[in-house]
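Below you'll find the structure, written out as structure tokens, and then a few comments.
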2 protein chains.
Amino acid sequence: MSRDDGKSPGALRIVLAEDQALLRSALTTLLNFEPDLDVVRACADGEAAWLAVHELKPDLLVSDIEMPVLTGLELAVRIAERGIRTKVVIVTTFARAGYLRRALDAGVVGYLLKDAPAEQLADALRKVQRGVRVVDPQLAVAAWSESDPLNERERRVLRLAGEGVSAADIAAQLHLSHGTVRNYLSEAIGKLGAANRIEAYRLARQKGWL
Amino acid sequence: MSRDDGKSPGALRIVLAEDQALLRSALTTLLNFEPDLDVVRACADGEAAWLAVHELKPDLLVSDIEMPVLTGLELAVRIAERGIRTKVVIVTTFARAGYLRRALDAGVVGYLLKDAPAEQLADALRKVQRGVRVVDPQLAVAAWSESDPLNERERRVLRLAGEGVSAADIAAQLHLSHGTVRNYLSEAIGKLGAANRIEAYRLARQKGWL
DNA sequence: ACTGCGGAGTGACATCTGTCACCCCGATCG
DNA sequence: CGATCGGGGTGACAGATGTCACTCCGCAGT
């Protein structure tokens with residue numbers, strides 16, 4: 001059904017993954033407007049996107065990060081692992097160094113922000129197809145600046161604390177002692193230069209480290 | 001400049017306010033595609049939108065809620081206060097009863113969710129123009145369920161507390177005493193059935209009461 | 001076998017939080 | 001006028017949180 005809509009035979013075949021319906025449908029329409037681009041499927045979650053990539057072997061997967069079932073990053077990892085030739089471009093709201101780092105590690109070839117205008121998206125996709133890596137410039141810098149100072153234990157503890165769980169309850173959940181949890185939190189707070197757990201949580205989250 | 005692009009003379013003149021550039025430009029393009037709709041300006045924040053409404057007196061303002069400088073709800077209130085005849089339609093990610101309630105109080109004529117497909121948007125705008133109120137059906141119900149138990153002081157205090165500001169600092173910022181702030185927080189925590197400020201903040205926020 | 005190191009824990013201390021009972025004062029109502 | 005109410009405040013107390021110094025243990029290295 002995507003072959004009779006006036007696309008040139010060599011058009012770039014794209015699978016789009018984005019959970020917000022409004023944006024999904026708007027982007028599908030816009031991209032399909034370009035004669036050399038062909039959105040062959042638009043998916044609302046990571047699982048559907050994975051199936052679509054598997055079934056249709058598109059040239060490109062254009063994906064959000066925060067989606068139900070499977071995130072865009074997990075999707076990218078899977079695609080790399082299975083050696084599928086579909087190139088992955090991430091399009092996300094989150095200008096977080098941690099996300100970009102993880103995306104690049106997963107072999108993603110493009111990382112764009114949702115606060116760039118739509119026109120740039122089509123251009124970026126063409127560049128990517130020609131083999132150019134496209135990363136939003138602000139982020140390319142940020143990614144090499146700070147790296148996540150937290151270790152896995154601190155992350156786990158901070159994540160729970162950020163949801164309002166008390167030190168005692170965190171200790172119970174993680175089978176640690178009350179005091180140890182507080183030590184970890186204290187370390188995390190120190191490393192992040194925060195004044196308390198709430199601020200620490202916010203900072204870590206906004207950097208994409210949580 | 002918006003008169004020579006093939007719109008019919010009676011086309012609906014629309015100002016669009018949405019902070020995410022990708023969505024903003026995509027919607028502008030899509031809506032302009034409809035011959036009877038004319039996006040005369042697309043703004044990235046509430047302040048710009050306010051100026052645009054003032055200057056252009058459009059038929060419709062289509063606005064996001066969470067935007068820099070001035071939220072969509074504040075914008076709606078202002079428009080109502082000044083007696084401007086522009087109708088306001090809110091388009092947001094947030095299916096929160098509190099937001100809808102406040103929007104309706106501010107005289108908004110449409111409240112749509114970003115997880116409806118784009119085609120519905122144009123339809124909704126036409127309906128609104130014909131004088132029909134359009135509210136996303138799931139929400140219309142939810143809006144009458146629980147009502148916001150917090151008063152303005154509790155809201156202000158809780159908002160700051162949720163950002164990691166300590167009781168003492170909140171007191172300083174709001175010119176209240178240390179103890180009073182804690183009293184307000186305590187009330188808020190109680191009313192929301194939370195265990196501490198962090199949980200209270202999360203609950204209030206997710207209900208759209210913050 | 002001695003050393004070093006990282007994960008986990010303890011104990012003590014100063015603050016911060018959450019709760020509650022009660023006070024003060026200006027407005028509003030009967 | 002007296003009663004009552006709401007915003008704001010105080011003081012006291014228990015418990016939670018943040019910080020630090022120090023211990024214990026297992027597991028590399030050499």
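Remember, it's a predicted structure, so these values are computed and weren't measured experimentally.
Of all heavy-atom pairs between A:L203 and A:L192, the closest is CD1-O, 3.6 Å.
Phosphate proximity of D:dT19 to A:R182: absent, as no side-chain N or O sits under 4.0 Å from OP1 or OP2. Taking side-chain N and O atoms only, A:S186 has no distance below 4.0 Å to OP1 or OP2 of D:dC20. Look at A:T180 and you won't find any side-chain N or O under 4.0 angstrom from OP1 or OP2 of C:dA8. Contact annotation: B:Y184 does not reach the phosphate of D:dG7 (side-chain N/O to OP1 or OP2, under 4.0 Å).
Atom pair A:R197:CZ and C:dT15:P shows a separation of 18 Å (rounding to whole Å applied). Nucleotide D:dT19 holds its C1' atom 16 Å from the NZ atom of A:K191, rounded to whole Å. As a whole-Å value, the separation of A:R156 CZ from C:dA8 C1' is 13 Å. To the nearest angstrom, P of C:dG6 lies 13 Å from CD of A:E154. Rounded to a whole Å, the CD1 atom of A:I198 is 10 Å from the P atom of D:dT17. If you measure from atom CD1 of A:I170 to atom C1' of C:dA8, you get 16 Å, rounded to the nearest angstrom. Per the geometry, CG belonging to B:L174 stands 15 Å off P belonging to D:dG7, to the nearest Å. Taking atom CG on A:N196 and atom C1' on C:dA14, their separation rounds to 16 Å, with Å as the unit.
With respect to A:D64 and A:K114, a salt bridge is recorded, a charged nitrogen being found less than 4.0 Å from a carboxylate O. Under the 4.0 Å criterion applied to side-chain N and carboxylate O atoms, B:E55 and B:R41 are assigned as salt-bridge partners. Looking at A:R155 and A:E152, a side-chain N of the basic residue comes within less than 4.0 Å of a carboxylate O on the acidic one, giving a salt bridge. Looking at A:D123 and A:R126, a side-chain N of the basic residue comes within less than 4.0 Å of a carboxylate O on the acidic one, giving a salt bridge.
Looking at which nucleotide of DNA chain D each of A:L185 and B:R153 is closest to, the 5′-most match is held by B:R153.
Considering only residues two or more places apart in sequence or on other chains, B:L112 meets the side-chain contact (heavy atoms from CB on, under 4.5 Å) condition with B:V89, B:V91, B:L121, B:A124, B:V134. By the side-chain contact (heavy atoms from CB on, under 4.5 Å) test, A:A161 is found to be paired with A:I170, A:L185, A:R197, residues two or more places apart in sequence or in another chain being considered.
Nearest to the side chain of A:A167, among D:dG18, D:dT17, C:dA8, sits D:dT17. Listed nucleotides D:dG8, D:dT19, D:dT17 differ in distance to A:H178; the shortest reach to its side chain belongs to D:dT17. Distances were taken from every side-chain heavy atom of A:S177 (C-beta onward) to each of C:dT17, D:dG7, C:dG9; the shortest belongs to C:dG9.
Within the nucleic acid shown, A:S166 comes within 4.0 Å of sugar-phosphate atoms alone, with no base atom in reach, counting heavy atoms only.
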Below 3.5 Å between N/O atoms, which protein atoms pair up with nucleotides 21-26 of chain D? Just atom names and distances, please.
none

